[in-house]
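Note sheet for the following structure.
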Amino acid sequence: MSITPSTPVVEGARKTSLRLDGDAVLLSTPHEEARIPLAAIERIRAEGRSVTVELTAPAGATRYAHRVAGASAAAAAMFADTVNAALPGVAGRDTTADGTMLVETRTLPLSRRTRKLRRIMWLSAGALGLIVVTSVLVAVAGVPAAMAALIPAGLVLTAALAIGANALANWYREWRLIRHGITAFAAEVPDRPGMYLYTDPAGLIRHVFTWAGGIAVKVSYDPADPGDVVLPRTALFRRGELALGLFFALFALIGFAALIALTVVAFVDPEAITGTA
């Protein structure tokens, strides 16, 4: 049973979504995706800004449901009306069967952006930990006044390290895909401004969004993971991002080296910091 392509995607709170995929409804969260066949659905209820997918169940048994909150009320109502109208014609649908037996759930891998941000967060956490350790050490060394300079300087250096790491990660990904990936042209969808389609080596049509304009844009993607795609920028922009990343990263590393040196001096020669003889 196919559904008309005009059926909307329901976007809920906390990055949850509900959409149709052939003869099933896909309920997606940031970490998990549930595929609910139409044959397993009793009905879909739209109540204001929430959508509830009720599963079929034997008489007297507990009826399970999946709910998406924080959605557009108009999209929720249209989604529910469209799917409910199609349910009676679904082949093999049995409203007295246990719909939970047909639901398939899989854990979603972390996105590339999430993995990158986590690495930067761990790097920043390590830098903040270094600030705490050096602050405690200078206090133990009897130079607590040094903390007044060490802590704000450390916070500035941590921010610089995060900016530099992010810029270098973005530059490296684009450089890798341009140099070792596949570069092709993606064509704009006439009735969807900003959406461009390209075909991967397996023949699967994929999409990318950009407001670059034009009937086609150049894309570079990883042949092993065609969903990992970038729109190559000019060499000037790439070099500028590389220079920016190197500047902030080196500034942060040199600064942290100076903080460590200050801590060592606080133990070896505290008078050099306090200015007392």
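Only a predicted model underlies this, so the values are computations on that prediction, with no experimental measurement involved.
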Could you tell me which non-hydrogen atom of Tyr198 sits nearest to which non-hydrogen atom of Pro226, and how far apart they are? OH-O, 2.7 Å
In Å, rounded to the nearest 0.5 Å, how long is the span from CG of Leu26 to CG of Leu18? 8.5 Å
Using the side chain to side chain contact (heavy atoms under 4.5 Å, CB included) rule, pick out the option among Ile163, Leu244, Leu242 that qualifies with Leu168. Leu242
Can you measure from CD1 (Ile44) to NE2 (His66) and round to the nearest 0.5 angstrom? 11.0 Å
Could you check whether any side-chain heavy atom of Arg63 comes within less than 4.5 Å of a side-chain heavy atom of Leu55, counting everything from C-beta outward? no
Non-hydrogen atoms of Asp94 and Thr96 that approach each other most closely: OD1-OG1, 2.7 Å
Does Val83 belong to the same Ile/Leu/Val/Met/Phe/Trp/Tyr cluster as Val103, with side-chain heavy atoms less than 4.5 Å apart forming each link? yes
Checking the side chain of Thr263 only, and the main-chain atoms of Leu259 only, is there a donor and an acceptor separated by less than 3.5 Å? yes
Short question: side chain of Asp200, backbone of Gly203 - any donor-acceptor pair under 3.5 Å? yes
Between Arg113 and Leu117, is the side-chain contact (heavy atoms from CB on, under 4.5 Å) condition met? List the steps. CA-CA 6 Å; Arg113 182 174 183 273; Leu117 291 178; 3.6 Å; yes
List the atom of Val68, the atom of Gly12, and the distance in Å for their closest heavy-atom pair. CG1-CA, 3.7 Å
Any Arg35 side-chain heavy atom under 4.5 Å of Leu27 side chain: no
Contact check, side chains of Phe251 and Leu161, non-hydrogen atoms, under 4.5 Å: no
Does the side chain of Glu54 reach to within under 4.5 Å of the side chain of Arg45, using non-hydrogen atoms? yes
d(Ile41 CD1, Thr95 OG1) to nearest 0.5 Å is 13.5 Å
Just checking Arg118: does its CZ atom have more than 12 heavy atoms from other residues, nucleotides or ligands closer to it than 6.0 angstrom? no
Would you say Leu128 and Leu150 are hydrophobically clustered, going by side-chain heavy atoms of ILVMFWY under 4.5 Å? yes
Tell me whether Val208 shares a hydrophobic cluster with Leu177, the cluster being built from Ile, Leu, Val, Met, Phe, Trp, Tyr side chains joined at under 4.5 Å. no
Is it true that Val219 and Tyr172 fall in one hydrophobic cluster, defined by side-chain heavy atoms closer than 4.5 Å? no
Side chains of Thr183 and Ser220: donor-acceptor distance under 3.5 Å anywhere? yes
Determine yes or no for a side-chain-to-main-chain donor-acceptor pair under 3.5 angstrom, with Asn166 supplying the side chain and Ala162 the backbone. no
Reported CH2-to-CZ distance for the pair Trp175 and Arg238, which is rounded to 0.5 angstrom: 11.5 Å
Could you measure the distance from the CG atom of Asp225 to the CZ atom of Arg112? Nearest 0.5 Å is fine. 5.0 Å
Do you know which two heavy atoms are closest between Gly194 and Glu188, and how far apart they sit? N-OE2, 3.4 Å
So for atom NZ, which belongs to Lys116, do other residues, nucleotides or ligands contribute more than 12 heavy atoms lying within a distance under 6.0 Å? yes
Where is the tightest heavy-atom contact between Ile151 and Ser135, given as atom of each residue plus distance? CG1-OG, 3.5 Å
For Phe267, look at atom CZ and say whether over 12 heavy atoms of other residues, nucleotides or ligands are found less than 6.0 Å away. yes
Is Leu38 reachable from Val53 through a run of I, L, V, M, F, W or Y residues, each pair having side-chain heavy atoms under 4.5 Å apart? yes
Quick one, Arg14 with Thr29, criterion side-chain contact (heavy atoms from CB on, under 4.5 Å). Give me CA distance, side-chain angles, the key distance, then yes/no. CA-CA 8 Å; Arg14 298 182 179 180; Thr29 68; over 6 Å; no
Should the heavy atoms of other residues, nucleotides or ligands under 6.0 Å from CZ of Phe237 be counted, would the total exceed 12? no
Between Arg173 and Val229, is there a donor-acceptor pair closer than 3.5 Å when you use the side chain of the first and the backbone of the second? yes
Are any of the side-chain heavy atoms of Glu104 and Ile36 separated by less than 4.5 Å? no
Work out which heavy atom in Leu157 is nearest to a heavy atom in Ala252; give both atom names and the distance. O-CB, 3.5 Å
When you look at Glu174 and Arg233, which way does the side-chain contact (heavy atoms from CB on, under 4.5 Å) test go after all the steps? CA-CA 9 Å; Glu174 185 174 357; Arg233 297 170 296 175; 2.7 Å; yes
Could you tell me if the side chain of Thr199 sits less than 4.5 Å from the side chain of Arg206, heavy atoms only? no
Do other residues, nucleotides or ligands put more than 12 heavy atoms under 6.0 Å from His207 NE2? no
Taking Ala97's backbone N and O only, do any of them form a donor-acceptor pair with Thr56's side chain (distance below 3.5 Å, no angle check)? yes
Could you grab the distance from atom CD of Glu11 to atom OG of Ser72, nearest 0.5 Å is fine? 10.5 Å
If you count heavy atoms of other groups shown closer than 6.0 angstrom to CG of Leu204, is the number above 12? yes
I'd like to know if the side chain of Arg43 and the backbone of Leu87 have a donor-acceptor N/O pair within less than 3.5 Å. no
Can Tyr196 and Phe185 be said to form a side-chain contact (heavy atoms from CB on, under 4.5 Å), step by step? CA-CA 9 Å; Tyr196 292 80; Phe185 283 95; over 6 Å; no
Quick check: do Arg19 and Val25 have side-chain heavy atoms less than 4.5 Å from each other? no
Phe79 versus Leu20: any side-chain heavy-atom pair under 4.5 Å? yes
